[in-house]
Structures are given as structure tokens and as C-alpha cells.
Amino acid sequence: MDFKEYQGKQVLAERFENVALGLVTSDPNAVVSYGCEIGFPIVIKAQVLIGGRGKAGGVKLAFNKDEAIQISKNILGMDIKGHKVEELLVSKAVDIKDEWYMSITFDRSNRAMTLIFSIEGGVDIEQVAHESPEKVIKMPINPLKDIEILKLEKELLGSGLKSKYVDEVVKIIDSSYRLVVDKDLTLLEVNPLVLTEEDEIIILDCKMTVDDTAEFRQSNLFNLDPKKEESREQLAKSQGFSYVHLDGDIGIVGNGAGLVMATMDAVKNAGGDPANFLDIGGGAKAEVVRNALKLVEGNPKVKSIFINVFGGITRGDEVARGIADVVNEAPPRVPIVIRLTGTRSEEGLEILKNETDLSVTDVMDEAAESAVRLGGQ
Ligand code: GDP
Ligand code: MN
């Protein structure tokens with residue numbers, strides 16, 4: 001699960017004092033009063049789960065009340081690479097002398113957590129690595145030895161970090177690594193780690209991801225108000241099916257992971273783009289189908305829904321019952337296409353024919369094509 005900047009910073013603030021925290025709000029007036037309280041200039045930052053906010057205009061300095069109102073209003077409805085801005089983080093603006101980069105993440109090629117540090121931060125690290133590789137430290141971390149301090153000091157100096165900052169940077173890296181281990185993080189990125197004009201080192205931005213399989217021992221982290229897509233995933237879990245949010249606009253519901261993947265392929269082949277993966281599992285009852293359908297329909301990007309069920313232990317009549325219940329409760333917002341075969345599919349088709357006017361077929365590719373066609377209208 002990914003965290004927004006301010007959530008990641010909350011976690012960091014448990015161990016670090018030099019974190020640029022502030023106020024999280026959706027109210028431009030609150031930004032102004034906070035600015036008056038802490039003093040201008042302030043920095044106003046879009047809180048979305050995507051990097052490059054600065055470049056997209058989602059990070060701005062405000063020097064007075066008028067600017068604060070104007071900038072807040074501008075950033076608040078903004079769409080940053082498909083992520084709608086609904087919250088702002090407001091902090092005291094920092095006078096920046098230097099921007100550094102630090103991340104600790106799982107590197108599969110090294111089969112180890114790996115530290116990356118560079119004195120060329122604030123920008124795309126891939127580009128720095130490409131243009132001036134000597135300025136990028138990449139150090140795999142041996143889990144049995146933790147961070148090797150002496151080696152790290154040497155590398156930091158070698159990469160151009162001034163010696164007077166080495167001790168503090170080492171401390172920050174070492175504490176960060178401990179945090180990563182303690183909290184089961186798969187990514188902690190601070191870009192930039194900032195050196196201020198006053199020679200303070202400050203954590204100005206944060207990207208954090210916790211390992212999804214660590215929920216059982218990291219409940220505090222998982223309770224940090226997660227993103228919408230994530231809460232859909234969690235809602236799905238609590239309702240007994242599995243859901244993965246994707247970028248497309250054709251909603252997909254099926255039974256069995258294999259069939260759902262095949263369904264996604266069929267949609268792709270028909271020229272469409274799946275909006276999600278949703279597996280109602282084996283033997284799903286009408287209630288599960290009903291909840292699944294509502295969840296998919298609730299995604300505003302979805303333009304049509306393809307329900308693909310191959311009855312085995314899942315009974316076609318149960319599935320049909322669930323579908324009929326939802327569409328009779330409220331007419332569906334988008335066209336729904338159903339392919340139903342297997343156990344009790346005849347009874348199911350009967351229910352759908354009698355109680356709904358949805359389009360039904362028993363040929364998968366045909367169904368995929370009509371879902372894509374209907375979604376494009
Ligand atoms: P990102 O673009 O999503 O990575 O957002 P960041 O939080 O990293 O901010 C982008 C850039 O905005 C930083 O690299 C800084 O150059 C600048 N910035 C952010 N906060 C401040 C601040 O308090 N003062 C100044 N002067 N610049 C800032
Ligand atoms: Mn950043």
C-alpha cells in the first residue's frame with residue numbers, strides 16, 4: 001500500500017525531528033489562516049499518490065494571503081496524471097541551498113534492500129544516474145549486517161557530499177533503514193532531502209510503500225486513511241472477493257483468477273482497457289455478486305461492465321440472482337454485458353431474461369467485443 005506524502009511524513013516523524021510536517025486540509029481559507037499563524041512564505045502541496053507534482057504545478061510557494069487562496073483553489077481541483085487533488089499539505093517554506101536524494105527500496109536484481117543516495121536530488125534520479133553516475137551511490141544492504149557505516153561514509157564522501165554533513169546524513173540513512181525494517185516498508189524515498197540556507201537537513205518530501213502482506217503486524221500503518229482505490233480493494237476483501245484497481249474503463253467481474261485474467265485479455269484483444277481485476281471466487285452467492293457489481297460500477301471511470309462466469313462450484317442462478325437484484329434496485333449507470341455458462345446457467349439465463357433486459361451470451365469473445373463497443377459509446 002502506498003502512502004501520500006503527509007502520511008509517510010507522519011510515520012517518519014515518529015523517529016525524525018527534521019520532517020517538514022504542516023497542515024492537511026481541503027479548505028483554502030484554512031490554508032490562509034495557517035499561513036498567518038506560521039508566517040509566510042508557505043509551501044502548498046497537492047497530496048496525491050504520484051510523483052512529479054512539482055512539474056505538474058502541484059507544489060507552489062505562496063508569499064501572502066491572496067496567493068495562498070489563489071494557489072489553493074488552483075491546486076485543489078487539479079488532475080495530476082489521473083489523480084484528482086482533494087487534499088493539500090501546507091508547510092512553512094524552506095530556504096533551499098541543496099537538494100539531495102535518498103531511497104531505500106527492494107532491489108530484485110540484488111535480492112536485497114538497496115540504498116540509493118545522491119547529492120543531485122529534487123530531480124529524476126534515473127536521469128542523474130544516466131548523466132553523472134559518479135554522483136549516485138547504490139549500496140545493497142546485507143540484512144545480517146545492517147548498514148555498514150564505514151563503507152557508507154566513504155561512499156558519501158566519494159560521491160561529493162561535503163564532509164561536514166556526512167555524520168548527519170549517515171545517521172538519517174541508518175535510522176531510515178531501521179524504520180524500513182521495523183515497519184515492513186518496501187520503499188522509502190526522500191526526494192529531496194534538503195540542506196537549508198541555515199545548514200539544517202530537512203525531510204521535504206516522502207514516498208512510502210508498506211508491504212501488503214505485512215498487514216497482520218502493521219495495523220497502525222494500514223489504518224492511515226488509505227487512497228480511494230485502496231479502500232475499494234479493502235472493501236472488496238471484507239466482502240469476500242479480490243479486486244485490483246487498474247487504469248482502463250471496462251469493468252470486469254468473473255469467477256476464478258484464471259478466468260478473470262482471460263477476460264481481461266479478451267477485452268484487450270477487443271481493443272478495450274480493463275478498469276479492474278475482480279474475482280468473485282468459487283461458489284459465490286448472490287450477495288457477493290451484488291456487492292462486486294456495485295463496487296465496479298462505483299468506479300467513475302467505468303463505461304461498461306463485462307461479467308464473465310463459468311459455472312463450476314459457482315452456480316449460474318446465484319450469479320444471475322445477484323445481478324438481477326442490483327439492476328432492479330437501481331438501473332445500472334453503464335451497459336452491462338454478461339457471459340454465463342456452466343452449472344445452472346440455463347436457470348441463470350432464464351432469470352436474467354425474465355427480470356432484466358441485459359445483453360447475455362455464452363460466447364466470451366463476443367461478450368468482450370460488445371462490452372468494448374458499448375463502453376465506447
Ligand atoms: P514532487 O514534485 O512530487 O516530487 O514534490 P516535492 O515535494 O519533491 O517538491 C518539488 C520541488 O518543489 C522540490 O524539489 C523543491 O525544489 C520545491 N519545493 C518544495 N518545497 C519547497 C519549499 O519549502 N521551499 C522551496 N524553496 N522549494 C520547495
Ligand atoms: Mn519529490
Side-chain angles (χ1 to χ4, degrees), residues 2-13 16-25 31-32 34-64 67-68 70-72 74-105 115-129 131-132 135-136 169 172-173 176 185 187-209 227:
D2 299 330
F3 296 110
K4 291 181 187 152
E5 175 192 1
Y6 75 88
Q7 295 167 328
K9 282 179 168 178
Q10 277 170 18
V11 177
L12 286 171
F16 294 94
E17 287 185 357
N18 55 337
V19 185
L21 297 166
L23 174 78
V24 181
T25 181
V31 175
V32 173
Y34 187 68
C36 294
E37 191 186 315
I38 61 171
F40 290 95
I42 54 175
V43 58
I44 303 174
K45 307 174 83 176
Q47 295 300 291
V48 283
L49 290 165
I50 190 100
R53 296 164 303 165
K55 266 192 195 152
V59 176
K60 295 264 187 228
L61 297 182
F63 290 83
N64 54 51
E67 286 183 8
Q70 203 47 54
I71 290 168
S72 303
N74 284 347
I75 296 182
L76 275 165
M78 210 179 245
D79 187 284
I80 301 183
K81 301 178 198 163
H83 296 251
K84 199 164 161 261
V85 181
E86 286 167 349
E87 290 163 311
L88 304 170
L89 173 65
V90 190
S91 328
K92 181 115 184 105
V94 170
D95 279 331
I96 298 178
K97 186 148 78 184
D98 251 328
E99 301 195 28
W100 301 330
Y101 176 97
M102 177 194 80
S103 71
I104 297 172
T105 188
L115 162 74
I116 297 176
F117 182 90
S118 176
I119 55 166
E120 296 273 319
V123 290
D124 186 5
I125 191 69
E126 310 278 336
Q127 201 175 327
V128 182
E131 286 166 9
S132 16
K135 287 187 179 157
V136 180
V169 169
I172 290 172
I173 291 173
S176 296
L185 305 182
L187 168 71
L188 170 59
E189 181 189 80
V190 175
N191 186 25
L193 179 66
V194 149
L195 179 67
T196 70
E197 291 292 349
E198 293 79 34
D199 259 5
E200 278 179 294
I201 298 176
I202 292 192
I203 294 174
L204 205 68
D205 188 15
C206 167
K207 253 195 213 168
M208 189 181 282
T209 306
K227 63 169 173 171

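Whatever order the structure lists them in is the order used to number ligands and atoms, beginning at 1.
- Only the backbone of Asn191 comes within contact range of ligand 1, with a heavy atom under 4.0 Å; no side-chain atom does.
- Applying the 4.0 Å criterion to heavy atoms of Glu99 picks out, from ligand 1, the atoms 13 (C), 14 (O), 15 (C), 16 (O).
- In this structure the side chain of Ile201 reaches within 4.5 angstrom of the side chain of Val169, judged on heavy atoms.
- In this structure, the side chain of Ser91 engages the main chain of Leu21 through a donor-acceptor pair within 3.5 Å.
- Remark: minimum distance from atom 4 (O) of ligand 1 to any protein heavy atom is reached at Asp205 OD2, 3.1 Å.
- The closest protein non-hydrogen atom to atom 12 (O) of ligand 1 is Val59 CG1, 3.7 Å.
- Partner of Gln47 under the side-chain hydrogen bond (donor to acceptor under 3.5 Å, both in side chains) criterion, out of Glu5, Glu87, Gln7: Glu5 alone.
- The Mn ion (ligand 2) is the vertex of the angle joining OD2 of Asp205 and O of Asn191, which measures 90° to the nearest 10°.
- Among the atoms of Glu189, no N, O or S atom falls under 2.8 Å of the Mn ion (ligand 2).
- Residue, atom and distance of the protein heavy atom nearest to atom 19 (C) of ligand 1 are Leu204 CD2, 3.7 Å.
- Annotation: atom 7 (O) of ligand 1 to nearest protein heavy atom, Lys45 NZ, 2.6 Å.
- Rounded to the nearest 0.5 Å, atoms CD1 (Ile203) and CG (Leu193) are 6.5 Å apart.
- Counting non-hydrogen atoms of neighbouring residues, nucleotides and ligands closer than 6.0 angstrom, the NZ atom of Lys97 exceeds 12 such neighbours.
- Closer than 4.0 Å to atom 17 (C) of ligand 1 lies none of the heavy atoms of the protein.
- Of all protein heavy atoms, the one lying nearest to atom 3 (O) of ligand 1 is Arg53 NE, 2.7 Å.
- Looking at Asp205 and Lys9, no side-chain N of the basic residue comes within less than 4.0 Å of a carboxylate O on the acidic one, giving no salt bridge.
- By the criterion of a heavy-atom distance under 4.0 Å, both the backbone and the side chain of Val94 are placed next to ligand 1.
- Lys207 has no carboxylate O lying under 4.0 Å from a charged side-chain N of Asp2, or vice versa, which leaves the two without a salt bridge.
- Protein heavy atom closest to atom 28 (C) of ligand 1, with residue, atom name and distance, is Ile96 CD1, 3.7 Å.
- For ligand 1, the atoms closer than 4.0 angstrom to any heavy atom of Pro192 are 8 (O), 14 (O).
- A donor-acceptor pair under 3.5 Å is formed between the side chain of Arg53 and the backbone N or O of Ala46.
- Taking a 6.0 Å sphere around CD of Glu197, one finds it holds more than 12 heavy atoms contributed by other residues, nucleotides or ligands.
- Atom 2 (O) of ligand 1 has as its closest protein heavy atom Gly54 N, 2.7 Å.
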